[in-house]
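Letters A, B, ... mirror the listed sequences (proteins, then strands); counts begin at 1.
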2 protein chains.
Amino acid sequence: MQRLSKQRELVYFIVKQTNTHPTAEEVYQIARKSMPNISLGTVYRNLRQLSAEGRIREVQFGSAPDRFDGMLNIHEHFICTRCGGVSDIAPTLINPTLPGKIVSTYRLDYFGVCETCTSKKC
Amino acid sequence: MQRLSKQRELVYFIVKQTNTHPTAEEVYQIARKSMPNISLGTVYRNLRQLSAEGRIREVQFGSAPDRFDGMLNIHEHFICTRCGGVSDIAPTLINPTLPGKIVSTYRLDYFGVCETCTSKKC
DNA sequence: CTTATTGCAAAGGCTTTGCAGGATT
DNA sequence: AATCCTGCAAAGCCTTTGCAATAAG
């Protein structure tokens with residue numbers, strides 16, 4: 001049976017209230033501020049467990065470290081190829097089906113340049 | 001300047017003619033059949049270099065090892081959640097744009113159960 | 001009291017890299 | 001000859017795991 005641990009709830013709230021799709025390391029650094037001797041291993045364990053339970057979601061972008069997302073409703077992502085930022089996008093795919101196949105879900109990532117980077121001409 | 005090496009061309013042809021989106025390890029195993037002392041490091045180096053040049057493409061599915069794709073034209077993927085197979089899908093996304101953002105490309109993965117796994121009721 | 005969870009550190013998997021020898025131009 | 005590329009092995013990065021101690025129910 002599952003127990004309620006301070007560490008897990010902390011990890012959960014961090015992912016939930018951070019909209020930047022943090023990596024495990026980032027969650028760890030934030031967590032340490034309020035719980036200095038939480039360990040990286042515990043953060044990883046809880047991220048994995050929370051994902052398995054569906055309380056958060058795991059997303060990968062490129063071969064970089066895994067990121068975690070507290071947004072559970074169906075959404076898509078926009079990845080800025082200049083600043084690397086990841087933002088959530090409301091669903092644009094109207095009818096996610098394919099002939100002859102059973103489609104249960106999909107993942108749609110758009111790549112491009114975000115508003116901020118477009119205005120800064122860096 | 002770049003030179004023509006037997007190893008790189010072998011890696012290239014393997015990715016090009018294998019439509020299963022092989023991992024580096026799989027490319028390595030295939031390569032060894034015709035070039036027994038090619039090294040894994042060389043396979044990795046060449047996969048990376050070929051991707052950088054745009055001769056092949058790198059794709060990631062989940063946190064599993066990276067996979068490589070010889071199909072260069074725009075296409076989408078269907079990942080069978082039962083057998084793990086990855087197949088190419090002709091573009092279904094009609095208009096890959098987002099208001100206020102410059103979209104240069106996108107990636108669309110469908111997840112579900114493929115025809116084979118649907119018929120086998122395993 | 002029972003056992004899920006933790007912190008720590010070691011191990012694991014995949015990938016990259018330093019090096020000296022070999023291949024290509 | 002110049003230097004790109006290779007094989008090998010070691011190192012690197014991210015993540016998982018074994019263990020004894022701790023905490024939750």
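Using a 4.0 Å cut-off between charged nitrogen and carboxylate oxygen, A:Arg67 and A:Asp69 do not count as a salt-bridge pair.
Using a 4.0 Å heavy-atom criterion, one finds that B:Glu25 contacts no nucleic acid atom at all.
Remark: P of C:dA4 and NZ of A:Lys6 are 19 Å apart, rounded to the nearest angstrom. Going from atom CG of B:Asp66 over to atom C1' of D:dC13 covers 13 Å, rounded to whole Å. Summarising the geometry, the separation between CD on A:Glu9 and P on C:dT6 is reported as 10 Å, rounded to the nearest angstrom. Spacing between atom CD of B:Gln60 and atom P of D:dC14 amounts to 14 Å, rounded to whole angstrom units. One interatomic measurement links the two molecules: CG of A:Leu40 to C1' of C:dT5, which rounds to 16 Å at whole-angstrom precision.
Checking the phosphate oxygens (OP1, OP2) of D:dT6, a side-chain nitrogen or oxygen of B:Ser5 falls inside 4.0 Å. The side chain of A:Tyr44 places an N or O atom within less than 4.0 Å of a non-bridging phosphate oxygen (OP1 or OP2) of D:dT15.
Closest contact between the side chain of A:Asn46 and the listed nucleotides D:dT17, C:dT6, D:dG7 involves C:dT6. Candidate nucleotides C:dT6, C:dT15, D:dC8 were compared by shortest atom distance to the side chain of B:Pro65, and C:dT15 ranks first. Taking only side-chain atoms of B:Arg48, from C-beta outward, the nucleotide of D:dC5, C:dT15, C:dT17 with the closest atom is C:dT17. For B:Arg8, counting side-chain heavy atoms from C-beta on, the closest listed nucleotide (D:dT17, D:dC5, D:dT15) is D:dC5. Comparing C:dT6, D:dT6, C:dT15 by their closest approach to the side chain of B:Ala24 singles out C:dT15. Here the side chain of B:Arg45 is nearest to one of C:dT17, D:dC5, D:dT15, namely C:dT17.
Position along DNA chain D of the nearest nucleotide to B:Ser39 versus B:Arg3 favours B:Arg3 as the more 5'-ward residue. In terms of position on DNA chain D, the residue among B:Met35 and B:Met1 whose nearest nucleotide sits closer to the 5' end is B:Met1.
Placement of B:Val86 and A:Val103 in two distinct hydrophobic clusters is found when ILVMFWY residues are connected by side-chain heavy-atom separations under 4.5 Å, directly or transitively.
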Item to check | side chain to side chain donor-acceptor pair (under 3.5 Å) between B:Gln2 and B:Arg8, worked out | outcome: CA-CA 11 Å; B:Gln2 168 151 171; B:Arg8 183 176 309 124; 2.8 Å; yes
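Using a 30° and 60° split on the angle between ring planes, B:His77 and B:His21 fall in the perpendicular class, above 60°.
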